[in-house]
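These notes concern the structure reproduced below.
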Amino acid sequence: MFIPTLERQCTSEQREKFLPLCYDYRIIGTYAQTELGHGTFLRGLETTAHYDPNTQEFILNSPTISSIKWWPGALGKTSTHAVVLAQLYTLGKCHGIHPFVVQLRSLDDHKPLRGITVGDIGPKMGFGPNDNGYLKLHKHRIPRTNMLMKYSQVSPDGTYTKPPRSTLTYGTMTFVRVLIVHGSAIALAKASTIAIRYSAVRRQSELRPGEPEPQILSYPTQQHKLFPLLATAYAFHFVQLAMMKIYTDVNDQINNSNFSRIQELHALSSGLKAFTSWVTNAGLEVCRMSCGGHGYSQASGFPRLYADFTPSCTYEGENTVLMLQSARYLVKCVRDARSGKTLPGTVSYLSEDVSAVHSGGSSGRDLSNLDFLISLYKQRASNQVHFASDKVDRGISAGMDLVGALNSASVHLVSAAKAHSHYFIAKTFVESLKLLKASSELQNVLHQLASVYVFEGIAQSSGDFIEDYILSGSEAKTIRQLAVDLLPLIRVNAVSLVDAFSFRDEVLQSVLGRYDGNVYENLFKWAQNSPLNKTDVHPSYHKYLGPLLKRNQSKL
Ligand SMILES: CCCCC/C=C\C/C=C\C/C=C\C/C=C\C/C=C\CCCCC(=O)SCCNC(=O)CCNC(=O)[C@H](O)C(C)(C)COP(=O)(O)OP(=O)(O)OC[C@H]1O[C@@H](n2cnc3c(N)ncnc32)[C@H](O)[C@@H]1OP(=O)(O)O
Ligand SMILES: Cc1cc2nc3c(=O)[nH]c(=O)nc-3n(C[C@H](O)[C@H](O)[C@H](O)COP(=O)(O)OP(=O)(O)OC[C@H]3O[C@@H](n4cnc5c(N)ncnc54)[C@H](O)[C@@H]3O)c2cc1C
């Protein structure tokens, strides 16, 4: 995040000064924004940067215990520099959060500089090798030119020039949220690879006396656990491509001072980061549990994969907060649509009349047609967004202010943002396959994946579709069965579909997911390397177990 921030927030002179040092690994930096007391509420950050016109320096301080920077990756022991987000004060006025480059450690002996107290925040659930750290600043002075001044400036006499948009400071977070969508796709693909390969190797139980034990991948319940997640990994792959394209286009516009789509990008990246990381987080556990006891071994690769992925739901914007950010924009779009404004692409459906026609019993509608089902996802999203928006309006009519009305409707707002994200993902998956140049055989296999993703997505949220009369109960049941009927067809290509992710064994880090499927021999070999097996009799025997046993044996 250090480098992307410099690339996005530096003037051209600052780029020339700082970026070569980064690219050549002459300095190593981190992004120090979160504090002990604040991670979400950025306007509440307490670190201060007071400008001293006499020396043309900023004086950085951590004025309270809660203002100590806390969590930044590699801050504790590795980074020589940091981008520090601090409240800017100049000529007696506060101008809000701004980014400053701060050197933390000497480039000669790596010792912390004067006014800098840094350290590691201690063991975490995962990311063991990463020294997430703390930073306490005490009257630490930096040159005026260390404030990143692409968008806002402080002149030598202390005069402040404000940015065209205050939220441009938040651009790096949007970029990383887009990366996390990619990270979700990768993590779920890894977990699917491990679970499906292992399920093809593992044989268990005797269905009928005398018959060989079947591969657990042959059980419909195992297929129902894993194949929708496999399809989701493919869906997220195409979504991250689409998300990155939108990000790149909007970022190019921003670089040309066109800020018209910055809100749409923020809303979409926030919703997709939250949606994909939540779904992936839950999916990793389903994949682990589908591997039985061996899934719980470190040898499976699941414990580390989960422990390292799960903070994706928290960092770079806690998921609930990001869903609320997305929903806040959607509510604004409903208002704009109702006042006749044209809405941008990813939200234009909110101005369409997608009112559901109650399907009744036998609707005769083609419930296996993906384009038709995507229209139902659209209806669901539109209904949820309009419902939440109306709830906000009712709150305001009841005398609440906008903040109060948004807060009061927040549970529904999160549901609306989830439905919006889900519609975007399902639509993007189906549309991406139409554009894919592939053999008819491959198109058929991918269509099966898209179908099971779309069917299962409805099955798992059928209440949304039934409550709004988008589907009847019997239609929802039919779609649920369509998903189950697809499973044996996907089974044929399941291993090939995970092999297609092409994770090398060294990257997958899983004995269960080995490409050669030679699991048992390698599990036994892996166990031999356990530290506890260095000696046949563990030293603790002589200190504890031995004396205990001998003492009790003498009583026999
Ligand atoms: C680097 C290249 C590597 C290559 C990788 C290749 C492939 C990737 C594959 C795998 C990668 C795996 C993982 C992904 C990569 C990296 C992950 C690893 C490590 C990550 C480390 C995590 C680091 C951090 O956590 S940094 C700290 C993150 N902190 C946050 O995100 C804070 C969250 N909080 C907020 O953002 C705030 O709540 C808020 C949204 C700012 C709202 O605050 P508030 O002041 O209350 O303001 P309000 O809600 O009123 O909003 C005001 C206004 O601003 C608009 N807004 C807010 N944010 C933005 C934004 N970002 N952009 C645009 N606009 C924004 C908001 O909509 C409001 O507008 P309006 O008033 O409604 O008009
Ligand atoms: C592994 C890891 C790496 C990190 N790396 C970095 C880094 O490199 N740099 C950096 O600056 N930070 C980093 N962070 C910090 C991270 O960005 C924050 O933890 C994150 O932004 C969440 O903020 P918080 O911890 O204050 O959670 P909080 O916001 O306190 O969240 C706690 C709960 O409060 C709820 N909540 C908060 N606000 C609202 C609201 N307005 N409405 C409804 N509910 C709300 C949340 O939904 C959540 O359930 C890292 C964190 C982790 C775990």
Side-chain angles (χ1 to χ4, degrees), residues 1-5 7 29-45 47 66 69-76 79 82-85 96-97 99 121 124-128 130-135 165-187 189-190 236-237 240-241 243-244 247 250-251 254 259 261-270 273-274 276-277 280 307-333 335 402-403 406-407 410-411 413-414:
M1 291 189 69
F2 181 71
I3 294 178
T5 304
E7 289 170 337
T30 184
Y31 182 84
Q33 174 176 286
T34 302
E35 297 171 356
L36 259 178
H38 291 95
T40 287
F41 185 51
L42 300 187
R43 283 181 291 136
L45 292 174
T47 302
S66 52
K69 292 299 179 185
W70 198 272
W71 274 113
L75 173 61
S79 296
V83 165
V84 174
L85 282 296
I97 293 293
I121 64 170
K124 307 171 291 285
M125 181 175 172
F127 271 135
N130 196 325
D131 52 316
N132 297 81
Y134 62 80
L135 165 64
R165 285 285 179 92
S166 61
T167 54
L168 288 164
T169 307
Y170 301 149
T172 303
M173 291 185 277
T174 300
F175 172 62
V176 175
R177 290 165 190 161
V178 170
L179 290 184
I180 290 170
V181 176
H182 189 171
S184 298
I186 290 174
K190 284 181 175 177
F236 288 178
H237 168 75
Q240 63 87 10
L241 291 174
M243 180 70 255
M244 183 54 85
Y247 172 80
V250 176
N251 207 48
I254 291 170
F259 305 114
R261 293 187 66 194
I262 198 170
Q263 279 299 303
E264 181 194 5
L265 173 66
H266 170 49
L268 185 65
S269 56
S270 295
K273 180 269 185 188
T276 60
S277 57
T280 297
D308 284 359
F309 180 83
T310 194
S312 302
C313 298
T314 304
Y315 61 47
E316 218 53 73
E318 199 280 329
N319 280 0
T320 303
V321 169
L322 291 186
M323 281 296 186
L324 289 170
Q325 284 290 304
S326 183
R328 175 188 174 125
Y329 174 71
L330 297 173
V331 166
K332 216 179 286 180
C333 290
R335 293 224 172 103
L402 176 61
V403 171
L406 284 167
N407 198 42
S410 53
V411 172
L413 288 168
V414 169

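Given the structure is predicted, the values throughout are model-derived calculations rather than measurements. In each ligand, atom 1 is the first atom listed, and ligand 1 is the first ligand listed. For reference, positions follow the sequence shown, starting with 1. FYI, side chains are in, hydrogens and waters are out, and symmetry mates aren't considered; it's all heavy atoms of this structure.
- For atom 40 (C) of ligand 2, the choice among Val84, Thr172, Val321, Thr34 with the nearest heavy atom turns out to be Val321.
- Annotation for ligand 1: atoms under 4.0 Å from non-hydrogen atoms of Gln33 are 27 (C), 28 (C), 29 (N), 30 (C), 32 (C).
- Looking only at side-chain heavy atoms (C-beta outward), Leu413 and Val331 come within less than 4.5 Å of each other.
- Considering backbone and side-chain atoms together, Gly317 places an N or O closer than 3.5 Å to an N or O of ligand 1.
- In plain terms, the two heavy atoms of Ala32 and Pro72 that are nearest each other are CA-CG, 3.5 Å.
- For atom 32 (C) of ligand 1, the nearest protein heavy atom lies closer than 4.0 Å.
- With sequence neighbours left out, the side-chain hydrogen bond (donor to acceptor under 3.5 Å, both in side chains) criterion links Tyr315 to Ser312.
- Within a 4.0 Å radius of atom 33 (C) of ligand 2, the protein contributes no heavy atom.
- Shown in contact with Gly39 at under 4.0 Å from a heavy atom are these atoms of ligand 2, numbered in order with element: 21 (O), 23 (O), 24 (P), 26 (O).
- The option from Thr174, Ile262, Leu265, Thr167 that lies nearest to atom 53 (C) of ligand 1, judged by heavy atoms, is Thr167.
- In this structure, Arg165 has no heavy atom closer than 4.0 Å to ligand 1.
- Atom OG1 of Thr174 and atom NE2 of His266 lie 6.5 Å apart (nearest 0.5 Å).
- Distances from atom 2 (C) of ligand 1 to the heavy atoms of Leu324, Leu179, Val321 show the closest one on Leu179.
- Atom 61 (N) of ligand 1 lies below 4.0 Å from at least one non-hydrogen atom of the protein.
- For atom 17 (O) of ligand 2, the nearest protein heavy atom lies closer than 4.0 Å.
- Below 4.0 Å from some heavy atom of Met173 lie the following atoms of ligand 1, by number and element: 28 (C), 29 (N), 30 (C), 31 (O), 32 (C).
- With values rounded to the nearest 0.5 angstrom, Leu85 atom CG is found 4.5 Å from Gln33 atom CD.
- Nearest heavy-atom pair across Phe309 and Ser277 is CE2-O, 3.5 Å.
- When Trp71, Phe127, Trp70, Phe2 are checked for heavy-atom proximity to atom 5 (N) of ligand 2, Trp71 turns out nearest.
- Set against the non-hydrogen atoms of Met1, the atoms of ligand 1 under 4.0 Å away are 23 (C), 26 (S).
- Distances below 4.0 Å separate heavy atoms of Thr320 from the following atoms of ligand 2: 47 (O).
- Nearest protein heavy-atom contact of atom 66 (C) of ligand 1 is Gln325 OE1, 3.4 Å.
- Classified by interplanar angle (parallel below 30°, tilted 30° to 60°, perpendicular above 60°), the ring pair Tyr247/Phe175 is tilted.
- With respect to Val84, the side-chain contact (heavy atoms from CB on, under 4.5 Å) criterion is satisfied by exactly one of Thr47, Leu45, Thr30: Thr47.
- Taking a distance limit of 4.0 Å, we find that atom 23 (O) of ligand 2 is approached by some protein heavy atom.
- Proximity of atom 2 (C) of ligand 2 to the protein is indicated by at least one non-hydrogen atom lying closer than 4.0 angstrom.
- The contact set between ligand 2 and Tyr31, taken as ligand atoms under 4.0 Å from a residue heavy atom, comprises 7 (C), 8 (O), 9 (N), 10 (C), 11 (O).
- Here the straight-line distance linking atom CG of Leu330 with atom CG of Leu324 works out to 11.0 Å at 0.5 Å rounding.
- Atoms CG and CE, on Leu179 and Met243 in that order, are 10.5 Å from each other to the nearest 0.5 Å.
- The residue from Glu318, Lys273, Gln240, His266 that puts a heavy atom closest to atom 59 (C) of ligand 1 is His266.
- At under 3.5 Å, not a single nitrogen or oxygen of Tyr315, backbone or side chain, sits near a nitrogen or oxygen of ligand 1.
- Set against the non-hydrogen atoms of Tyr31, the atoms of ligand 1 under 4.0 Å away are 26 (S).
- In Leu85, neither the side chain nor the backbone holds a heavy atom less than 4.0 Å from any atom of ligand 2.
- Here is the list of ligand 1 atoms found below 4.0 Å of a heavy atom in Gly39: 32 (C).
- Counting only heavy atoms, the protein never gets under 4.0 Å from atom 30 (O) of ligand 2.
- Within the listing of ligand 2, atoms 17 (O) sit less than 4.0 angstrom from a heavy atom of Glu316.
- Across all non-hydrogen atoms, the minimal contact from Phe2 to Ala82 is CE1-C, 3.8 Å.
- In terms of protein heavy-atom proximity, atom 20 (C) of ligand 2 is nearest to Thr314 O, 3.4 Å.
- Among all non-hydrogen protein atoms, the one lying nearest atom 46 (C) of ligand 2 is Glu318 OE1, 3.3 Å.
- Among protein heavy atoms, the minimum distance from atom 28 (P) of ligand 2 is reached at Thr40 OG1, 3.8 Å.
- Residue-ligand proximity, Ile186 to ligand 1, at heavy-atom distances under 4.0 Å covers atoms 9 (C).
- Neither the backbone nor the side chain of Ile3 comes within contact range of ligand 1; no heavy atom lies under 4.0 Å.
- Here Glu316 contributes atom CD and Leu322 contributes atom CG; the two are 8.5 Å apart, rounded to the nearest 0.5 Å.
- Interface of Gly73 with ligand 2, defined as ligand atoms under 4.0 Å from a residue heavy atom, comprises 7 (C), 8 (O).
- Within ligand 2, the atoms closer than 4.0 Å to a non-hydrogen atom of Gln33 are 11 (O), numbered from 1 in the order shown.
- Atom 34 (N) of ligand 1 has as its closest protein heavy atom Thr40 O, 2.9 Å.
- Using a 4.0 Å cut-off to heavy atoms of Arg177, the atoms of ligand 1 that qualify are 30 (C), 31 (O), 33 (C), 36 (O), 61 (N).
- Among Tyr329, Tyr170, Phe259, the residue whose heavy atom lies nearest to atom 41 (C) of ligand 1 is Tyr170.
- Side-chain atoms of Ser326 never come within 3.5 Å of backbone atoms of Met323 as a donor-acceptor pair (strictly under, hydrogens ignored).
- Near Ile180, with a cut-off below 4.0 Å to any heavy atom, the atoms of ligand 1 are 14 (C).
- Distances below 4.0 Å separate heavy atoms of Leu324 from the following atoms of ligand 2: 42 (N), 43 (C).
- The distance criterion of under 3.5 Å between nitrogen or oxygen atoms is met by Lys332 with respect to ligand 1.
- With hydrogens and angles disregarded, no donor-acceptor distance shorter than 3.5 Å links the side chain of Asn132 to the backbone of Ala74.
- Atom CG of Leu42 sits about 7.5 Å away from atom OG1 of Thr34, to the nearest 0.5 Å.
- Backbone and side-chain nitrogen or oxygen atoms of Tyr315 are examined, and none is located within less than 3.5 angstrom of a nitrogen or oxygen of ligand 2.
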Exercise for review: Might you work through the side-chain contact (heavy atoms from CB on, under 4.5 Å) test for Asp131 and Leu75, ending with a clear yes or no?
Suggested key: CA-CA 6 Å; Asp131 52 316; Leu75 173 61; 6.0 Å; no
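- Of the protein's heavy atoms, none falls inside 4.0 Å of atom 44 (N) of ligand 2.
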